[in-house]
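The block underneath contains the structure these notes are about, expressed in structure tokens.
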There are 2 protein chains.
Amino acid sequence: MDNQDIRKAGLKVTLPRIKILELLENNTQRHVSAEDVYKMLLDKGEEIGLATIYRVLTQFETAGLVTRHNFEGGHAVFELDRGGHHDHMVCMVCGKVEEFIDTTIEKRQREIAKEHGFEMVDHSLIIYGHCGNPKCKVGY
Amino acid sequence: MDNQDIRKAGLKVTLPRIKILELLENNTQRHVSAEDVYKMLLDKGEEIGLATIYRVLTQFETAGLVTRHNFEGGHAVFELDRGGHHDHMVCMVCGKVEEFIDTTIEKRQREIAKEHGFEMVDHSLIIYGHCGNPKCKVGY
DNA sequence: ACTTGCAATGAAAAAGATTCTCATCATCAT
DNA sequence: ATGATGATGAGAATCTTTTTCATTGCAAGT
């Protein structure tokens with residue numbers, strides 16, 4: 001039950017929060033900006049303010065329901081936390097995002113942090129490149 | 001000669017560009033925002049516009065003289081490209097930035113990209129955590 | 001079901017970062 | 001030296017995100 005997730009986060013179960021969580025769960029593209037969420041909900045006929053989207057997404061992030069990514073482009077994107085951590089691969093042409101996880105890299109990161117006297121809390125690995133689509137290859 | 005770097009980038013050698021490059025070379029903190037550069041140059045008595053800072057930093061980035069990072073915090077930071085690529089480790093409390101490079105991770109990244117049909121062009125790896133300073137440990 | 005406190009909301013304003021416009025000025029090849 | 005072209009500064013504009021504040025709605029207790 002999603003509503004329980006909201007309640008567990010110490011937040012009241014309100015319509016905007018339910019709608020935002022539903023959208024994050026059902027939307028085809030997993031990485032969306034606040035603006036994206038706003039427009040999609042408006043398109044669905046919901047009445048909601050952009051400020052609420054930002055507030056709720058930040059609360060969801062604090063609660064660990066959602067992760068915020070600072071990809072290139074001047075705006076943050078949000079993604080529903082489906083249990084497992086993973087890293088990202090972004091196509092610089094079409095913007096396609098692939099997710100991956102690699103134990104070798106994960107392990108090395110912890111080691112490197114320790115070597116530098118750091119205690120790793122989180123990390124962000126983003127590979128930028130050209131995806132398999134021929135239109136995204138160099139030369140076009 | 002720095003000015004040659006500017007010229008090689010196809011840019012005219014102007015006072016603002018020289019001053020910005022000098023600052024990036026001599027400043028103690030290697031990661032600075034456009035606003036940082038602006039204030040530092042003003043403090044040094046230089047007359048320069050913020051718009052110019054943004055323009056020049058973007059040009060330097062395009063020319064490969066400078067790298068732009070999208071760390072957390074809503075604004076980009078820039079760093080002089082001193083030849084070698086490297087990744088970052090950021091203290092979530094004091095903001096300290098350490099640099100590192102690890103061949104194991106570098107190699108794996110290329111492999112992973114290929115496995116997903118991507119051709120890697122660039123990447124960004126940022127480890128967030130608590131640095132060695134006792135004040136930055138959990139519990140404070 | 002009814003009240004009521006406190007959190008949540010929407011709209012608009014504000015703040016912060018970055019880009020754009022445009023008139024003026026400086027660089028550099030000739 | 002000089003002229004074409006690119007570069008600059010100031011401010012306006014744009015874009016993203018946060019804040020303010022009056023109003024509304026949830027939820028705990030009756």
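Residue numbering restarts at 1 for every chain, and letters A, B, ... go by the order of the sequence lines. The model shown is predicted, which means the values in this text are computed figures rather than measured ones.
Atoms CZ and CD1, on B:R110 and A:I127 in that order, are 9.5 Å from each other to the nearest 0.5 Å. With values rounded to the nearest 0.5 angstrom, B:M89 atom CE is found 8.5 Å from B:L125 atom CG.
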Could you write out each protein N or O paired with an N or O of nucleotides 7-11 of chain C at a distance under 3.5 Å?
unit_1 : atom_1 : unit_2 : atom_2 : d
C:dA7  : O4'    : A:K12  : NZ     : 3.4
C:dA8  : OP1    : A:R17  : NH1    : 3.0
C:dA8  : OP1    : A:R17  : NH2    : 3.1
C:dT9  : OP1    : A:T14  : OG1    : 2.6
C:dG10 : OP1    : A:E47  : O      : 3.0
C:dG10 : OP2    : A:G49  : N      : 3.3
C:dG10 : OP2    : A:T52  : OG1    : 2.4
C:dG10 : N7     : A:R55  : NH2    : 2.8
C:dG10 : O6     : A:R55  : NH1    : 3.3

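Residues A:L50 and A:F78 share a single hydrophobic cluster, defined by chaining ILVMFWY side chains whose heavy atoms lie under 4.5 Å apart. Put simply, A:I48 and A:L65 are part of the same group of oily side chains (I, L, V, M, F, W, Y) that touch within less than 4.5 Å, one to the next. The hydrophobic clustering, which links ILVMFWY residues whose side-chain heavy atoms are closer than 4.5 Å, places B:I112 and B:V121 apart. Taken together through direct or relayed side-chain contacts under 4.5 Å among Ile, Leu, Val, Met, Phe, Trp and Tyr, A:L41 and A:L11 form part of one hydrophobic cluster.
A donor-acceptor pair shorter than 3.5 Å can be found between the side chains of A:T52 and A:R55. B:H31 and B:D36 are not linked by any side-chain donor-acceptor pair at a separation below 3.5 angstrom, with hydrogens and angles left out of the test.
What separates CG of B:L41 from C1' of D:dG9 is a distance of 14 Å, to the nearest Å. As a whole-Å value, the separation of B:K19 NZ from D:dG9 C1' is 17 Å. The nearest whole Å value for the distance from the CG atom in B:N3 to the P atom in C:dA26 is 18 Å.
Between B:R7 and B:S33, the residue anchored closer to the 5' end of DNA chain C is B:S33, taking for each the nucleotide with the nearest heavy atom.
Aromatic ring pairs are classed by plane angle as parallel below 30°, tilted from 30° to 60° and perpendicular above 60°; the pair A:F71 and A:H69 is parallel.
Rotation axes derived from the C1' atoms of the five outermost pairs at either end of the helix from C:dA1-D:dT30 to C:dT30-D:dA1 lie 40° apart, to the nearest 10°.
Residues from residues 67-81 of chain A with heavy atoms under 4.0 angstrom of DNA chain C: there are none.
Residue A:Y54 has a polar side-chain atom (N or O) positioned under 4.0 Å from OP1 or OP2 of D:dT17.
By the neighbour-count criterion of 12 heavy atoms within 6.0 Å, atom CZ of A:R108 is densely surrounded, having more than that number from other residues, nucleotides or ligands. A 6.0 Å sphere centred on CD of A:E47 holds no more than 12 heavy atoms belonging to other residues, nucleotides or ligands.
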